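In what follows, a single structure is set out as structure tokens and then discussed.
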Amino acid sequence: MKLVHRDVVPQGPGSVKLVPEEADDLWHVYNLVAKGDRLSSVTVRKVQRESSTGERDVGRVKLKLEIEVEAIDYDNVGAVLRIRGKNVVENEHVKIGAFHTLEIDVQRPFVLRKDVWDSMALDTLKQACDPGASADLAVILMQEGLANLFLVGKSVTTTRAKIETSIPRKRGPAIAGYEKALNKFFENVLQAVLRHCDFIIVRCLVIASPGFTKDQFYSRLLLEAERRELRSVIENKSRIVLAHASSGYKYASHAFAGLFY
């Protein structure tokens, strides 16, 4: 979640401007917005228009509305939040008190105003904008040429890195290219671990894959840690666990299910 602007008084009123950057961020928004809050965003609404000749037709116009929230619906399949409420700022198309449903999806900015930003709301905001602050589990799902690194917190799992490398087939004259590409892939995954896996917060790093990709990467990780004196890896290698997964894809749900068996 991107925090564009913040003007908040703890235990008092204030507003924030946010931009969901991935589908997981919408879950945070769902938990952050409450009935009675005010939310504004750009939307599209059907309006009746009258021409100079008196003819009327119905068209769709793009406008910015601010509503007082009455109901929130989270569509995790369509990756969209539908927030219903009454318009509180009159404009030429929508009267004060008229109902409207704002749709918040990925990359759609919005402003949220609360009369009271209590500790729970502030904590949710912090987790939304810095998911690594409370995520105590890191997971790498990988296969040759593909890896996804996730941080798993109490309420949501966020994708922190996706690594893709084209790897040629391991046969014939192409074997030299295979080794070079695989080494480059492992190096990119290692850099993602160093960038996103803070062992001060993360209590366990799970590396999962089909076949022996996880074992190859684990050996490379420890070898490079010793060679480069990467203390964060060396001192926490007991926290690194290998597991089987069916693939390196994010939505391989059966792979996730098998991580902790």
Side-chain angles (χ1 to χ4, degrees), residues 1-3 19-25 28 106-107 126-153 156-170 174-252 255-256 258-260:
M1 183 91 72
K2 182 179 181 181
L3 178 62
V19 182
E21 296 183 297
E22 54 187 39
D24 292 335
D25 290 337
H28 284 300
V106 175
Q107 297 301 330
K126 181 180 179 180
Q127 289 188 41
C129 299
D130 184 14
S134 62
D136 59 2
L137 173 65
V139 177
I140 300 174
L141 286 180
M142 64 191 313
Q143 62 190 54
E144 283 194 357
L146 172 67
N148 281 287
L149 190 153
F150 309 94
L151 292 179
V152 183
V156 71
T157 298
T158 57
T159 304
R160 304 307 293 163
K162 181 177 182 180
I163 300 96
E164 292 182 288
T165 303
S166 178
I167 297 181
R169 294 183 178 181
K170 186 181 178 181
I175 186 65
Y178 168 84
E179 295 292 345
K180 182 177 180 181
L182 189 63
N183 287 336
K184 179 182 177 181
F185 170 63
F186 284 159
E187 174 61 24
N188 290 338
V189 179
L190 186 155
Q191 291 301 322
V193 170
L194 297 178
R195 188 176 304 114
H196 300 292
C197 189
D198 182 357
F199 282 104
I200 295 176
I201 301 169
V202 171
R203 298 163 68 181
C204 179
L205 168 62
V206 178
I207 305 172
S209 79
F212 297 101
T213 306
K214 62 183 179 300
D215 304 273
Q216 291 175 286
F217 173 68
Y218 179 64
S219 296
R220 171 67 180 267
L221 177 65
L222 296 187
L223 180 66
E224 292 300 317
E226 294 290 345
R227 189 175 71 84
R228 306 182 198 181
E229 297 184 351
L230 304 175
R231 307 305 306 174
S232 64
V233 176
I234 295 170
E235 294 172 1
N236 294 283
K237 60 183 179 182
S238 62
R239 299 190 192 184
I240 302 174
V241 178
L242 303 185
H244 173 77
S246 61
S247 79
Y249 288 94
K250 178 179 180 180
Y251 295 108
F256 272 106
L259 284 178
F260 307 106

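Computation of the quantities below employed the complete heavy-atom set of this structure, encompassing side-chain atoms and omitting hydrogens, waters and symmetry-equivalent molecules. Values in this document were obtained by computation on a predicted structure and should not be read as measured data.
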Which is it for Arg239 and Leu205 under the side chain to side chain contact (heavy atoms under 4.5 Å, CB included) test, yes or no, and what are the steps along the way? CA-CA 6 Å; Arg239 299 190 192 184; Leu205 168 62; 6.0 Å; no
With side chain to side chain contact (heavy atoms under 4.5 Å, CB included) as the criterion, how do Ile140 and Val193 come out once you've worked through the C-alpha distance, each side chain's angles and the decisive distance to 0.1 Å? CA-CA 9 Å; Ile140 300 174; Val193 170; 3.5 Å; yes
Under the side chain to side chain contact (heavy atoms under 4.5 Å, CB included) rule, what do Ile240 and Val206 come out as? Steps first, then yes or no, please. CA-CA 6 Å; Ile240 302 174; Val206 178; over 6 Å; no
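Proximity of Met1 to Glu22: side-chain heavy atoms (C-beta onward) are nowhere separated by under 4.5 Å. Between Val152 and Val139, the closest side-chain pair of non-hydrogen atoms falls below 4.5 Å. Taking 4.5 Å as the limit, every side-chain heavy atom of Asp136 sits out of range of all side-chain heavy atoms of Val202. Side-chain atoms of Leu149 and Lys162, non-hydrogen and from C-beta on, never get closer than 4.5 Å to each other. Side-chain contact between Met142 and Ile207 is present, with at least one heavy-atom pair separated by less than 4.5 Å. The shortest side-chain heavy-atom distance between Thr213 and Phe186 falls under the 4.5 Å cut-off.
Annotation: the span from Asn236 atom CG to Leu230 atom CG amounts to 12.0 Å, rounded to 0.5 Å. Atoms CG and SG, from Leu3 and Cys129 in turn, are 4.5 Å apart once rounded to the nearest 0.5 Å. Residue Leu141 holds its CG atom at 6.5 Å from CG of Asn148, rounded to the nearest 0.5 Å. Distance check, rounded to the nearest 0.5 Å: CZ of Phe185 to CD of Gln143 gives 8.0 Å. Note: Leu242 CG to Phe212 CZ = 12.0 Å, rounded to the nearest 0.5 Å. With rounding to the nearest 0.5 angstrom, the CG atom of Leu190 is 11.5 Å from the CG atom of Asn183.
By the side chain to side chain contact (heavy atoms under 4.5 Å, CB included) test, Val106 is found to be paired with no residue, residues two or more places apart in sequence or in another chain being considered.
The shortest non-hydrogen separation linking Leu194 to Ser232 is CD2-OG, 4.2 Å. Pairing each heavy atom of Cys204 with each of Val241, the nearest pair is SG-CG2, 3.8 Å. Of all heavy-atom pairs spanning Leu151 and Ala138, the tightest one is CD2-CB, 3.9 Å. Shortest non-hydrogen contact noted between Ser166 and Ala181 is O-CB, 3.6 Å. Taking every heavy atom of both residues into account, Val189 and Ala147 meet most closely at CG2-CB, 3.8 Å.
Residue Leu223 places its CG atom among more than 12 non-hydrogen atoms of other residues, nucleotides or ligands, all under 6.0 Å distant.
Looking only at distances, no side-chain donor or acceptor of Thr159 sits under 3.5 Å from a matching main-chain atom of Ala161.
Using a 4.0 Å cut-off between a side-chain N of Lys or Arg and a carboxylate O of Asp or Glu, Arg228 and Glu187 qualify as a salt bridge. Between Arg227 and Glu224 there is a salt bridge, since at least one side-chain N of the basic residue sits less than 4.0 Å from a carboxylate O of the acidic one.
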